[in-house]
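Atoms considered below: every heavy atom in the structure, side chains included; atoms not considered: hydrogens, waters and symmetry mates.
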Amino acid sequence: MEEYTHYQEFGNGETLVLLPSNWLTSWSYKSLAQKLARKYRVIVPDLYRGLSKYKKNALTVGDYTKQLHAFLQNQRVSDYYLIGVSFSSLIASEYLYQYPSELKKAMLISTIIPIPRKRFTLLDGLIGYMNLFYHNTFSWKGIKVNFRWLFDGVFNCLLRHPKQFFLDALIATGEPKNKGSAIPVPTKILMASKDEFIRYGDSKNTKKIHNLEIETIEGYHAWFFLNEELLVEKIFDYLSEL
């Protein structure tokens, strides 16, 4: 079987690489990518999911990182911005340390650095997802987002890559690894004030990390799906800062 990483690309200009969150593909992020394409060339790769094909599954965040690097080298992409969302922030965070010379800036959405000492368990994840879907049921937009996630997660992840689907749950709840008190690439975190997966108090340690800033957004973990224009505004503002 020939390996292949499926991706979607939009717009022109400086390159911005957008990594979909857990169990979702570029299909769910098309609307956001098209909005970002007003100013950037946006590439959304489907690493280990969707129409992509690989001989081996990813077992660690490091496997994702290596595959992303190989994909970007194959596409001859360099000197770009990187955005990680939720689970894919783990990939983006690892990438910052492995290949800092390739990046201009990074943004991490609905995550936290340093990773809390308390290990995130499968039970924590299950409860988090239950709350996530529940909080979305109070608006029509949230209900549509729930259905988008279910369709994409089932048909483009679970059915196409069943083993990887369950491996990703183990990767997301693996032993946390903190890299130290400095980040080699300017990075900003957008963290939800009522995140279902992350305790707001964990953000206090980010003040100790060089090259990292954090901004709190009012809302839940998936606020960016419910207000894409706000996210686009935040991304444009940060990437344009000198």
Any donor-acceptor pair under 3.5 Å linking the side-chain atoms of [Y] with those of [X]?
| X | Y | answer |
| --- | --- | --- |
| Tyr54 | Thr5 | yes |
| Glu102 | Tyr80 | yes |
| Glu218 | Ser193 | yes |
| Lys30 | Ser26 | no |
| Tyr4 | Asp46 | no |
| Glu196 | Tyr129 | no |

N-O pairing of Glu14 and Lys39 below 4.0 Å: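 No.
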Electrostatic pair Glu213:Lys105 at N-O distance under 4.0 angstrom: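 The answer is no: the pair does not qualify as a salt bridge.
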Neighbour count above 12 (heavy atom, 6.0 Å) for Asn57 CG: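 Above 12, so yes.
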Lys234 NZ: over 12 foreign heavy atoms closer than 6.0 Å: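 Not more than 12 within 6.0 Å, no.
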Do [X] and [Y] belong together in a cluster built from hydrophobic side chains that touch within less than 4.5 Å?
| X | Y | value |
| --- | --- | --- |
| Ile127 | Tyr134 | no |
| Leu231 | Val145 | yes |
| Tyr64 | Tyr97 | yes |

So how far is it from [X] [atom1] to [Y] [atom2], rounded to the nearest 0.5 Å?
| X | Y | atom1 | atom2 | value |
| --- | --- | --- | --- | --- |
| Gln164 | Lys56 | CD | NZ | 13.5 Å |
| Arg49 | Leu24 | CZ | CG | 7.5 Å |
| Thr15 | Asp79 | OG1 | CG | 8.5 Å |
| Asp168 | Cys157 | CG | SG | 8.0 Å |
| Ile83 | Leu16 | CD1 | CG | 4.0 Å |
| Leu239 | Met107 | CG | CE | 6.0 Å |

For Tyr95, ring-ring contact (aromatic ring centres under 6.0 Å, His included) partners two or more places apart: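 Tyr95 satisfies ring-ring contact (aromatic ring centres under 6.0 Å, His included) with Tyr99 only.
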Validation row, ring centre Trp23 to ring centre Phe87 under 6.0 Å: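 Ring centres of Phe87 and Trp23 not closer than 6.0 Å.
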Side chain to side chain contact (heavy atoms under 4.5 Å, CB included) between Phe224 and Leu230, intermediate numbers included: CA-CA 7 Å; Phe224 51 90; Leu230 176 60; over 6 Å; no
Short side-chain to backbone donor-acceptor contact, Glu3 and Lys53, under 3.5 Å: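 Checking the backbone N and O of Lys53 against the side chain of Glu3, no donor-acceptor pair under 3.5 Å is found.
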Close side-chain approach of Tyr29 to Phe225, heavy-atom, < 4.5 Å: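 Sidechains of Phe225 and Tyr29: in contact.
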Test log, rule side chain to side chain contact (heavy atoms under 4.5 Å, CB included), inputs Lys194 and Trp223: CA-CA 10 Å; Lys194 295 179 283 188; Trp223 65 270; over 6 Å; no
Parallel, tilted or perpendicular, as decided by the 30° and 60° cut-offs, for the rings of Tyr81 and Tyr40: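 Aromatic pair Tyr40/Tyr81 classed perpendicular.
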